[in-house]
Amino acid sequence: MSKPYVRLDKQDAAVLLVDHQTGLLSLVRDIEPDKFKNNVLALSDLAKYFHLPTILTTSFETGPNGPLIPELKEQFPDAPYIARPGNINAWDNEDFVNAVKATGKKQLIIAGVVTEVCVAFPALSAIEEGFEVFVVADASGTFDPITRDAAWRRMEQAGVQLMTWFGVACELHRDWRNDIEGLAALFSNHIPDYRNLMTSYDRLTQKG
């Protein structure tokens, strides 16, 4: 059954970065490692660009899951950072849920590792509590396409929208007249072909 188009609104969205930890990243096999990390950092860059409230969380970081990747800590030094002592589902952690609700936003953009657990569990829990949930598929990863696809189907059936970081950025931006250089620079930093596009544009407009 088709559902009405719910579009992202930069005034009503928050970003949840769940368990992008050094140990867990070694499990990601459904996306090339360099490409995956680029996608995660692109998502964090667009969260910063659009001034979206961002929450960082880790699971059992003193164990094999490891610490949060340093780039995210550096990008959001003042963001809520919830190091869960053992909760597998971030939504089972009271501090995490309180941080999410404190944003006052009803749209949650979620990405994490691994897709079928660290992403799917809080996404499904948030849907259950009435949030609109958008999972960034290419900034979430796992060890096997079968488990990823099963998680995607489970989330979609519950009403989660699957997107990519580029789609998220464009839907938040809405209109190029809002800004060209800033968002184009973000795209160029993460998509080599987009850098070529902007180089051509600069030459045509005699900026380069």
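In this chain, numbering begins with 1 at the start of the sequence shown.
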Examine L68 and I88 and state if one hydrophobic cluster contains both, with Ile, Leu, Val, Met, Phe, Trp and Tyr joined whenever side-chain heavy atoms are less than 4.5 Å apart.
yes
Which atom pair, heavy atoms only, marks the closest approach of S59 to N65?
O-ND2, 2.8 Å
On a heavy-atom basis, the closest approach of A169 and L46 is CB-CD2, 4.0 Å
Check the hydrophobic clustering (I, L, V, M, F, W, Y; side-chain heavy atoms under 4.5 Å; chains of links allowed) and say if V168 and V160 are grouped together.
no
Any side-chain donor near an acceptor of the partner, Y49 and D179, under 3.5 Å
yes
Is it the case that one hydrophobic cluster holds both I110 and L172, taking links as side-chain heavy atoms less than 4.5 Å apart, direct or via other members?
no
Will you find, in the side chains of N178 and H173, an N or O donor that is under 3.5 Å from an N or O acceptor?
no
With rounding to the nearest 0.5 angstrom, report the OG1 to CG distance, T57 to L17.
10.0 Å
For A83, which residues count as a side chain to side chain contact (heavy atoms under 4.5 Å, CB included) partner, sequence neighbours excluded?
T58, E61, Y81
Q75 backbone acceptor or donor facing K48 side chain under 3.5 Å:
yes
Tell me whether I180 is reachable from Y194 by hopping between hydrophobic residues (I, L, V, M, F, W, Y) whose side-chain heavy atoms are closer than 4.5 Å.
yes
Taking side chain as C-beta onward, heavy atoms only, is L52 less than 4.5 Å from I109?
yes
Could you walk me through whether V113 and F36 pass side chain to side chain contact (heavy atoms under 4.5 Å, CB included), step by step?
CA-CA 11 Å; V113 183; F36 178 65; 3.7 Å; yes
How close do F143 and T147 get, heavy atom to heavy atom, and via which atoms?
CE1-CG2, 4.1 Å
Count the heavy atoms belonging to other residues, nucleotides or ligands that lie under 6.0 Å from CZ of R154, then report whether that count exceeds 12.
no
Are W91 and E128 close enough that a side-chain donor and a side-chain acceptor fall under 3.5 Å?
no
Ignoring hydrogens, what is the shortest heavy-atom contact between I31 and S140? Give both atom names and the distance.
CD1-O, 3.7 Å
Does the cation-pi check pass for R148 over W152, that is, NZ or CZ under 6.0 Å from the six-membered ring centre and within 45° of its axis?
yes
Rounded to the nearest 0.5 Å, how far apart are SG of C170 and CG of D175?
11.5 Å
Backbone of A90 reached by a side-chain donor or acceptor of N87 within 3.5 Å:
no
Which of these passes side-chain contact (heavy atoms from CB on, under 4.5 Å) with I55: V100, V15, V18?
V100
So F166 and F187, would you call those rings parallel, tilted or perpendicular, with 30° and 60° as cut-offs?
tilted
Residue pair L16 / P122, side-chain heavy-atom distance below 4.5 Å:
no
Would you name the heavy atoms of A139 and A111 that are closest together and state the gap between them?
O-CB, 3.5 Å
Do the side chains of E132 and V6 get nearer than 4.5 Å, heavy atoms only?
yes
Any donor-acceptor pair under 3.5 Å from Q107 side chain to A14 backbone
no
Does the side chain of V119 come within less than 4.5 Å of V114's, by heavy atoms?
no
Closest approach of T54 to A47 (non-hydrogen atoms, all atoms of both residues)
OG1-CB, 3.6 Å
Name all pairs fulfilling the side chain to side chain donor-acceptor pair (under 3.5 Å) condition that reach into residues 157-169, sequence neighbours left out, sorted by first residue then second.
N39-W165
When you look at T115 and V135, which way does the side chain to side chain contact (heavy atoms under 4.5 Å, CB included) test go after all the steps?
CA-CA 9 Å; T115 304; V135 163; 5.7 Å; no
Using the rule that two of Ile, Leu, Val, Met, Phe, Trp, Tyr join whenever any of their side-chain heavy atoms come within less than 4.5 Å, decide whether V117 and L162 are in one cluster.
no
Looking at side-chain heavy atoms only, is the closest gap between L27 and T142 below 4.5 Å?
no
Where the side chain of N93 meets the backbone of V97, is there a donor-acceptor pair that is under 3.5 Å apart?
no
Walk me through it: do L108 and F134 pass the test side chain to side chain contact (heavy atoms under 4.5 Å, CB included)?
CA-CA 6 Å; L108 304 180; F134 304 77; over 6 Å; no
Could you name each residue pair satisfying side chain to side chain donor-acceptor pair (under 3.5 Å) that touches residues 7-36, not counting sequence neighbours?
D19-R84
Using the side chain to side chain contact (heavy atoms under 4.5 Å, CB included) rule, take L56 and I82 through it: C-alpha gap first, then chi angles, then the decisive distance, then the call.
CA-CA 6 Å; L56 309 173; I82 293 89; over 6 Å; no
From CA spacing to verdict: salt bridge (charged side-chain N to carboxylate O under 4.0 Å, His left out), K37, E71
CA-CA 10 Å; K37 193 164 187 181; E71 292 92 339; 3.0 Å; yes
Counting only N and O atoms by type, is there a donor-acceptor contact under 3.5 Å from the side chain of E171 to the main-chain atoms of L8?
yes
Are the side chains of F76 and S44 in touch, meaning some heavy atoms are under 4.5 Å apart?
yes
